[in-house]
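Everything on this sheet refers to the single structure shown next.
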Amino acid sequence: MEKWEWDNHTLPVEFMLLGMGNVPSLQTPLFLLSLIIYLVTMAANILIVVLVIADLHLHTPMYFFLGNLSSLETCYSSTILPRLLASFLTGDRIISVRGCMAQLYFFGCFLVSECYLLAMMSYDRYLAICQPLLYTSLMTWKVSLQLAAASWLAGFLTSTVATSFLSHLRFCGLRIIDHFFCDFTPVLELACSDTNVVRLLAFILAILDIVFPFLFTLASYVCIIAAILRIPSSVGRQKAFSTCSSHLTIVTVFYGTLIVVYTLPRTPQLRQLNKVFSFFYTVLTPLVNPLIYSLRNREVREALRKALRKALA
């Protein structure tokens with residue numbers, strides 16, 4: 001039985017992504033900008049992964065999670081930007097139904113995994129700052145591996161369930177997706193069968209996979225900041241805060257734009273704004289994350305200097 005139908009009961013084979021707008025004069029600048037962002041994102045994140053693996057000083061739970069985050073964002077960017085680059089270069093905005101579902105599936109996997117991984121990283125910083133004497137016994141390599149694996153597994157399970165339910169809907173009418181990639185809500189808007197069950201499922205999954213990790217992360221940082229403020233010396237407070245400020249910056253940017261995107265009503269007036277915020281958390285966040293860690297983290301900078309000296313020697 002076919003899962004995809006139009007009003008005439010034929011199987012659709014493609015959708016059209018409206019992208020960032022139909023302004024021919026902007027296609028070349030947008031292509032060049034997106035290409036630079038993609039190349040820098042891939043190079044920076046792969047560099048972080050290589051440094052974490054190669055430098056023994058970075059073989060700690062904190063940098064293990066950082067390596068996982070960079071791996072996630074390498075995959076995350078590759079689900080969206082190559083297709084976007086192709087549309088800017090060729091002007092072809094058509095995407096097959098299977099291609100759309102595959103993009104939606106992998107995007108959902110990496111998005112949910114990142115939400116949980118950021119929560120695990122906040123827990124790691126909570127233990128390091130609030131429970132320093134117990135940190136090494138609580139955050140062992142086995143625990144770190146289990147937490148990272150659980151983050152990846154949660155993403156794949158959630159996306160499998162959501163994509164499976166979405167693929168059983170009947171679609172009709174226009175085949176135009178008003179977005180620059182196949183996101184859950186824009187695709188759901190094309191359905192002409194009953195979507196109540198899917199919307200309820202999406203709401204439950206959003207609570208479990210976005211709101212819960214966000215609240216957990218928020219609670220962790222409330223405890224961390226309270227513990228830092230109790231440190232008597234200003235030097236001690238500064239040193240403690242420097243270990244978590246990079247992660248706090250990433251969490252703020254990522255969740256800030258993510259919450260705006262999924263709480264803003266998708267009215268015609270706000271859809272372009274929705275795309276701008278989507279661009280922030282899908283494209284700019286993977287670019288900014290490794291730059292924040294490499295520029296603000298002394299140990300990563302030192303590992304990079306040693307790697308460069310070794311390569312030049």
Side-chain angles (χ1 to χ4, degrees), residues 12-47 69-115 155 159 162-163 166 171 174-190 250 253-254 256-258 260-262 264 266 268 270-291:
V13 294
E14 57 192 26
F15 289 128
M16 175 182 285
L17 292 164
L18 287 186
M20 304 298 289
N22 187 21
V23 183
S25 61
L26 292 178
Q27 299 307 298
T28 300
L30 286 173
F31 169 77
L32 293 174
L33 175 63
S34 299
L35 179 62
I36 292 170
I37 289 174
Y38 183 55
L39 292 177
V40 173
T41 298
M42 296 297 287
N45 280 292
I46 291 172
L47 177 62
L69 181 65
S70 293
S71 300
L72 256 179
E73 295 191 329
T74 301
C75 302
Y76 192 58
S77 298
S78 297
T79 63
I80 295 173
L81 278 173
R83 180 66 189 77
L84 187 62
L85 285 168
S87 67
F88 284 143
L89 188 62
T90 65
D92 182 12
R93 302 180 183 184
I94 301 300
I95 184 170
S96 68
V97 169
R98 290 181 178 178
C100 185
M101 286 296 102
Q103 186 182 60
L104 191 152
Y105 173 76
F106 286 109
F107 168 73
C109 287
F110 302 132
L111 175 67
V112 173
S113 296
E114 182 157 347
C115 289
S159 193
T163 307
L166 188 64
F171 290 78
L174 295 176
R175 298 177 295 174
I176 298 174
I177 299 174
D178 190 8
H179 214 335
F180 61 89
F181 69 99
C182 290
D183 199 2
F184 187 85
T185 303
V187 174
L188 188 62
E189 288 176 347
L190 301 182
I250 288 171
V253 173
F254 178 75
T257 54
L258 185 65
V260 168
V261 166
Y262 288 103
L264 273 180
R266 282 183 58 80
L270 293 176
R271 288 190 179 188
Q272 293 304 316
L273 184 61
N274 188 288
K275 290 180 188 179
V276 171
F277 281 109
S278 294
F279 192 80
F280 270 95
Y281 81 86
T282 58
V283 176
L284 293 185
T285 301
L287 169 69
V288 170
N289 285 359
L291 299 179

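All values below were derived from every heavy atom in this structure, side-chain atoms included, with hydrogens, water molecules and symmetry-related copies excluded.
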Query raised in the report: Quick check: are there more than 12 heavy atoms from other residues, nucleotides or ligands sitting under 6.0 Å from CZ of F254?
Result: yes
Query raised in the report: With distance as the sole criterion, is a donor-acceptor pair present between the side chains of T79 and Y105 under 3.5 Å?
Result: no
Donor-acceptor pair, side chain of [X] and main chain of [Y], under 3.5 angstrom:
X    : Y    : result
S87  : L84  : yes
D183 : T185 : no
T285 : F280 : yes
R175 : M16  : no
S159 : G155 : no
N45  : P286 : yes

**Report entry** Where T74 and S78 come nearest, the two heavy atoms and their spacing
**Finding:** O-OG, 2.9 Å
Query raised in the report: So, for V253 and T257, which heavy atoms are closest and what is the spacing to 0.1 Å?
Result: O-OG1, 2.9 Å
Kindly compute the distance separating [atom1] ([X]) from [atom2] ([Y]), expressed to the nearest 0.5 Å.
X    : Y    : atom1 : atom2 : value
L17  : I95  : CG    : CD1   : 5.5 Å
F184 : L111 : CZ    : CG    : 12.5 Å
I177 : R93  : CD1   : CZ    : 13.0 Å
F15  : I94  : CZ    : CD1   : 11.0 Å
I80  : T282 : CD1   : OG1   : 4.5 Å
E73  : S113 : CD    : OG    : 11.5 Å

Query - ring-ring contact (aromatic ring centres under 6.0 Å, His included) involving Y76 - partner list, sequence neighbours excluded - result: F107
Is [Y] close to [X] at the side-chain level, that is, under 4.5 Å between some pair of heavy atoms?
X    : Y    : value
H179 : V187 : no
S77  : Y38  : yes
L104 : F181 : no
E189 : D178 : no

Query - Under the side chain to side chain contact (heavy atoms under 4.5 Å, CB included) test, residues paired with L47 that sit two or more places apart - result: L51, L304
Query - side-chain contact (heavy atoms from CB on, under 4.5 Å) between F88 and S34, worked out - result: CA-CA 9 Å; F88 284 143; S34 299; 3.5 Å; yes
